[in-house]
Participant: 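Take this structure first; my questions come after.
Every chain is numbered from 1 and lettered A, B, ... according to where its sequence line falls, protein lines coming before strand lines. Bear in mind the structure is a predicted one, so any value in this text is a computation, not a measurement.
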Protein chains: 2
Amino acid sequence: MTTQDRRLTDDPAAAVGWQPRRLAAVAPVLPAGAAPPGTGGRILHAALGLFSEYGFHGTSIRQIAGKVGINPATLYAHYRSKEQILAELVLLGHQELYDRLRSALAAAGSAPAERLASLVREHVLIHADYPLLAVVANTELHVLSARHAATALALRARCREFLAGVLAEGASNGEFRLVDPTLTAIAIGGLGMQVGHWFAPGTGYTREQVADAYVHLALRMAGYTTPSTEA
Amino acid sequence: MTTQDRRLTDDPAAAVGWQPRRLAAVAPVLPAGAAPPGTGGRILHAALGLFSEYGFHGTSIRQIAGKVGINPATLYAHYRSKEQILAELVLLGHQELYDRLRSALAAAGSAPAERLASLVREHVLIHADYPLLAVVANTELHVLSARHAATALALRARCREFLAGVLAEGASNGEFRLVDPTLTAIAIGGLGMQVGHWFAPGTGYTREQVADAYVHLALRMAGYTTPSTEA
DNA sequence: GTCTATAGATGGATAGAC
DNA sequence: GTCTATCCATCTATAGAC
């Protein structure tokens, strides 16, 4: 190994701790009442922060314990394995998503445009409220075994049905002009998922501003154009 | 550990090898001429397949070597470290993206709508052509040290400028009616990035069909509406 | 360039005292 | 529930023969 080569490995920026970030937000926040009280909850929060930043495989049990301030062994008094901590977070994230989307739809009227707006708004807001949880639930789900992932996948499928259903309603009653039902659903669903990666409070946009803009974009994508949405 | 507990760990589905997939595509393909010939190239392809499926930290040197059919030690005759293999892939992916977007813009006319269409089309096509590379370049970049990531980040920034520039042109000449320049750019840019996760040849859509649909969606998002795009 | 062999560190998880 | 101590598997990377 030459001196030149070694310089590439002994990265000065790495020594300073700088890394390209996976997401912008910092504080690991979980939905109220979702985390167990006491040490169990603190473990969940610590794992959320580390998983979102370094990924499941890039995070060690010792790092999690270190952040909580407990001994690595203590962790196993609360969770059976590292994978189970992830499973808890992934399930929790999908459960919150499903619950909030369902409530949003229930609170909306019957017009497809209004229902789509309600759905997209809530989708964006939850990703803005819990960006770390959203990123972990979306990007680390594949690590889980089939059994641990099953419930989350089922919830995700039902969320997709919400969106597909609303788009189909609007297409059949003429409010929407869809380019392609499937591709439009994928594209609109992806709008919200992105938010978790870049959104952070106090960086130019409020959660409501982002939601307003994305609702507007989604309505355009669905082919719903009125004078008011084009103002 | 109780019997019930053990059943959750000794997952039967895991024994069968089933896992939730990170992406749909299977064959690890790199742009022509991008990979070195011989073993060096085969290592790159093997690593691409494994990184895209299990992530950088979820993949071992032994797995890569095993897939190539060489001894783990032989790998170090071609690359200095596991991280350098990833760095090669990430750089390669961003270089291809930048080159193709630049060519697409150069080949397009001067009308912002045409330029945006050309940009989005090419963005979708590259993600459809190299879905594994796109996923790895996008989701594992943060693993790299600042020095290894710098070039890729610079290329990505220039790609963002392409899009932001075209949107600004269209906004100022009146072809576009932007909801918000920044959020629209993020949303349109995200359209293509998604494609790598679900697209696979022979699963319902051709690469051109996806590109057509997404170009149409992007024009709608930019607020460019004509009778022809609403047909 | 490729191998065998192994160093050296770190990983997840457990045993058992308190 | 929390600790100390530790097992043992696995990991990245290197040394050195061919």
Participant: Heavy-atom distance under 4.5 Å between the side chains of Ile43(A) and Ile70(A), does that happen here?
Facilitator: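 Of all side-chain heavy-atom pairs linking Ile70(A) with Ile43(A), at least one is under 4.5 Å.
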Participant: To the nearest Å, how far apart are Tyr79(A) OH and dG12(C) C1'?
Facilitator: 17 Å
Participant: Without decimals, in angstroms, what is the distance between Lys82(A) NZ and dT14(C) C1'?
Facilitator: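 Distance check: Lys82(A) NZ to dT14(C) C1' gives 17 Å.
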Participant: Does the side chain of Glu122(A) come within less than 4.5 Å of Leu105(A)'s, by heavy atoms?
Facilitator: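 A side-chain contact under 4.5 Å is absent here.
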Participant: Please report, rounded to the nearest Å, how far the P atom of dT10(C) is from the CD1 atom of Ile61(B).
Facilitator: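 Going from CD1 in Ile61(B) over to P in dT10(C) covers 17 Å.
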Participant: In this structure, how many angstroms lie between the P atom of dA13(C) and the CD atom of Glu83(A), rounded?
Facilitator: 9 Å
Participant: Looking at side-chain heavy atoms only, is the closest gap between Trp198(B) and Thr203(B) below 4.5 Å?
Facilitator: no
Participant: Could you go over nucleotides 1-3 of chain D and give all protein N or O partners under 3.5 Å, atom names and distances?
Facilitator:
from: dT2(D); atom 1: OP1; to: Thr39(A); atom 2: OG1; distance (Å): 3.0
from: dT2(D); atom 1: OP2; to: His78(A); atom 2: NE2; distance (Å): 2.6
from: dC3(D); atom 1: OP2; to: Asn71(A); atom 2: N; distance (Å): 2.6
from: dC3(D); atom 1: OP2; to: Thr74(A); atom 2: OG1; distance (Å): 2.7

Participant: Rounded to the nearest Å, what distance is computed from the OH atom of residue Tyr76(A) to the P atom of nucleotide dC7(D)?
Facilitator: 17 Å
Participant: Grab the CD-C1' distance between Gln63(A) and dT10(C) for me, whole Å please.
Facilitator: 11 Å
Participant: Please determine whether a side-chain nitrogen of the Lys or Arg among Asp212(B) and Arg207(B) lies less than 4.0 Å from a carboxylate oxygen of the Asp or Glu.
Facilitator: no
Participant: Could you tell me if the side chain of Met221(A) sits less than 4.5 Å from the side chain of Leu116(A), heavy atoms only?
Facilitator: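 Not touching, per the 4.5 Å side-chain cut-off.
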Participant: If I take atom NE2 in residue His57(A) and atom P in nucleotide dT10(D), what distance separates them, rounded to the nearest angstrom?
Facilitator: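 Taking atom P of dT10(D) as the reference, NE2 of His57(A) is at 14 Å.
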Participant: Assess the side chains of Thr139(A) and Arg22(A): does a donor N or O sit below 3.5 Å from an acceptor N or O?
Facilitator: yes
Participant: Measure CD1/Ile64(B) against C1'/dC11(D) and give the value in whole Å, please.
Facilitator: 12 Å
